[in-house]
Amino acid sequence: MKELAKQNIVHDRGLGTAYERYCFYQQLGRWADLYDVHSVLEGPIDGMAGVSGVHGVGLALRGIPVTSVLPTASKAATARGVYERAGAKADVQVLEDLARIEQLPKADLVIAYHALPLVDDWRSYLRSLAGRANKIVVVTVCNPSNWGVSLIRGVARLRGLTGMSPPETWRTEVLAPELWELGRVREHVYFDAPWWPDLQVSAGQTLVDRVRQLFRQEPTRVEFTAKQEGATLSERFVYGSNCWPYFGGPRWVDELLPALLRHPGFDGNTGRYLQHLAHLHGFVLDVRPRTRPARRRLALVKSGRV
């Protein structure tokens with residue numbers, strides 16, 4: 001487990017993070033209905049650029065049992081605070097050793113959000129999570145085809161900078177075959193597609209922070225300040241255990257909803273262009289036993305005949 005996975009982010013900061021969070025909540029609601037989900041397991045690694053371990057809030061509010069697992073006690077405490085603020089119940093646990101994933105309870109839906117780049121052996125991590133799923137595993141990663149990512153890489157090359165290539169876990173041609181070994185990929189979706197580009201924001205950063213960092217050529221690690229830890233309700237688009245407006249309540253009608261309507265994106269649209277506009281892409285992996293025709297087709301694919 002990489003150190004970045006252990007950093008405790010106590011707030012979602014900025015409209016970009018709020019937009020991403022809102023989009024994923026909508027996706028999870030759709031998948032829960034489509035795949036008849038009655039239990040959820042998220043974690044133990046969550047690379048969200050905001051509070052970790054709270055993707056299950058919306059499903060918990062619908063009465064679906066949620067287990068949220070995090071690698072440190074401080075991250076677990078932050079997640080508990082958000083669930084409590086949202087009025088949702090969840091079993092929040094701490095798991096420091098990834099080798100013990102098999103001890104976690106099984107669930108219909110298992111969530112791996114931005115997790116793969118944060119573990120030392122992402123293939124082993126995927127296998128462990130798939131073993132905890134009764135029905136589906138949702139795996140999300142950054143979209144390397146996003147126009148903003150391409151733009152940043154182009155600018156970096158012009159400035160003589162190196163190390164801007166996306167990691168292999170972002171790339172469909174690398175990730176998809178590993179997923180198919182574990183089950184059937186039912187969906188491959190692109191989401192989180194506002195009009196602004198993807199600048200590969202690190203946990204705890206806003207888009208403005210990332211722009212400044214890029215042009216100062218600073219390292220990507222984020223150091224958290226007292227101001228970030230002590231955010232108050234007076235700061236716009238700063239959400240945590242003090243306020244969680246994604247499902248209504250304070251600051252939904254007067255702040256977040258108007259901003260979402262004022263800055264519309266391309267989510268929900270169809271067409272190939274979405275692949276170049278979305279910041280994220282995700283896979284729905286069905287781990288239930290394959291039918292005989294499905295097993296036959298997989299064998300043909302592996303043999304190179306299809």
Side-chain angles (χ1 to χ4, degrees), residues 1-10 24 28 31-32 35 37-57 59-60 64-84 88-141 167-170 174-175 177-185 202-204 221 282-289:
M1 182 193 314
K2 299 178 181 179
E3 285 301 312
L4 187 60
K6 301 178 183 179
Q7 290 184 316
N8 184 29
I9 313 300
V10 298
F24 191 56
L28 282 178
W31 288 326
Y35 297 100
V37 168
H38 296 283
S39 55
V40 177
L41 170 66
E42 59 172 316
I45 303 299
D46 181 0
M48 175 74 187
V51 180
S52 298
V54 293
H55 299 298
V57 168
L59 300 182
I64 297 176
V66 172
T67 301
S68 176
V69 184
L70 292 153
T72 69
S74 60
K75 290 175 77 71
T78 299
R80 288 191 190 98
V82 168
Y83 273 101
E84 291 173 3
K89 293 183 179 180
D91 179 14
V92 182
Q93 303 180 12
V94 177
L95 184 74
E96 298 179 351
D97 185 2
L98 297 185
R100 297 172 55 209
I101 289 179
E102 68 276 2
Q103 299 179 15
L104 296 176
K106 300 191 80 171
D108 290 346
L109 165 62
V110 175
I111 302 171
Y113 198 85
H114 291 326
L116 304 188
L118 298 179
V119 296
D120 297 321
D121 184 348
W122 63 270
R123 290 175 174 85
S124 175
Y125 184 77
L126 264 182
R127 287 193 298 271
S128 298
L129 288 185
R132 297 295 86 206
N134 294 324
K135 295 180 179 179
I136 60 172
V137 181
V138 169
V139 180
T140 72
V141 290
E168 64 176 5
T169 52
W170 293 13
V174 175
L175 185 54
E178 301 294 334
L179 294 173
W180 274 101
E181 287 290 332
L182 300 172
R184 293 166 291 169
V185 177
S202 299
R221 181 178 175 84
F283 301 82
V284 178
L285 174 67
D286 190 335
V287 299
R288 289 171 290 189

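The first residue in the sequence is number 1, and the count goes up from there.
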query = Which pair of non-hydrogen atoms, one from L118 and one from G47, has the smallest distance, and what is that distance?
reply = CD1-CA, 3.7 Å
request  = Kindly compute the distance separating CZ (R288) from CG (N134), expressed to the nearest 0.5 Å.
outcome  = 10.0 Å
task = List the atom of P44, the atom of L98, and the distance in Å for their closest heavy-atom pair.
result = CG-CD2, 3.6 Å
message = Counting neighbours of NZ on K2 that are heavy atoms of other residues, nucleotides or ligands and sit closer than 6.0 Å, is the number greater than 12?
response = yes
message = Would you call the rings of H55 and Y113 parallel, tilted or perpendicular, taking 30° and 60° as the class edges?
response = tilted
task = Starting at CG of L104, measure out to CG of L41 and round the result to the nearest 0.5 Å.
result = 6.0 Å
key: Distance in Å, Q103 CD paired with Q93 CD, rounded so as to fall on 0.5 Å steps   = 10.5 Å
query = About how many Å separate OG1 of T140 and CG of L28, when rounded to the nearest 0.5 Å?
reply = 9.0 Å
note = Note: P117 and T169 closest approach over all heavy atoms is CG-OG1, 3.4 Å
Flag, side chain of D286 to backbone of I136, donor-acceptor distance under 3.5 Å = no
key: Given L129, L116, I111, the one that forms side-chain contact (heavy atoms from CB on, under 4.5 Å) with V139   = L116
inquiry  = Measuring only between side-chain heavy atoms, which start at C-beta, is V137 closer than 4.5 Å to L182?
reply    = no
remark   = Nearest heavy-atom contact between A88 and A60 is CB-CB, 3.8 Å
request  = Check the pair L109, L59 against side-chain contact (heavy atoms from CB on, under 4.5 Å), reporting the backbone distance first and the verdict last.
outcome  = CA-CA 11 Å; L109 165 62; L59 300 182; 4.0 Å; yes
key: Partners meeting side-chain hydrogen bond (donor to acceptor under 3.5 Å, both in side chains) with Y35 (sequence neighbours left out)   = E187
query = Counting distance only, does the side-chain N/O of K89 pair as donor-acceptor with the main-chain N or O of P65 below 3.5 Å?
reply = no
inquiry  = Between T78 (side chain only) and S74 (backbone N and O only), is there a donor and an acceptor less than 3.5 Å apart?
reply    = yes
Approximate separation, where rounding is to 0.5 Å, of M48 CE and H114 NE2 = 7.0 Å
ask   = Rounded to the nearest 0.5 Å, what separation is found between the CG atom of L175 and the CG atom of L126?
value = 6.5 Å
query = Can you name the residues that form a side-chain hydrogen bond (donor to acceptor under 3.5 Å, both in side chains) with S124, not counting sequence neighbours?
reply = none
Nearest atoms (heavy-atom pairs only) where P71 meets A5 = CG-O, 3.6 Å
query = If you look only at pairs with a residue in residues 95-110, which of them pass as a salt bridge (Lys or Arg N to Asp or Glu O under 4.0 Å), with sequence neighbours excluded?
reply = D108-K135
task = Compute whether any side-chain donor of one residue and acceptor of the other, for E178 and W122, lie under 3.5 angstrom apart.
result = no
key: Minimum heavy-atom distance H38-I64, with the two atoms named   = C-CG2, 3.6 Å
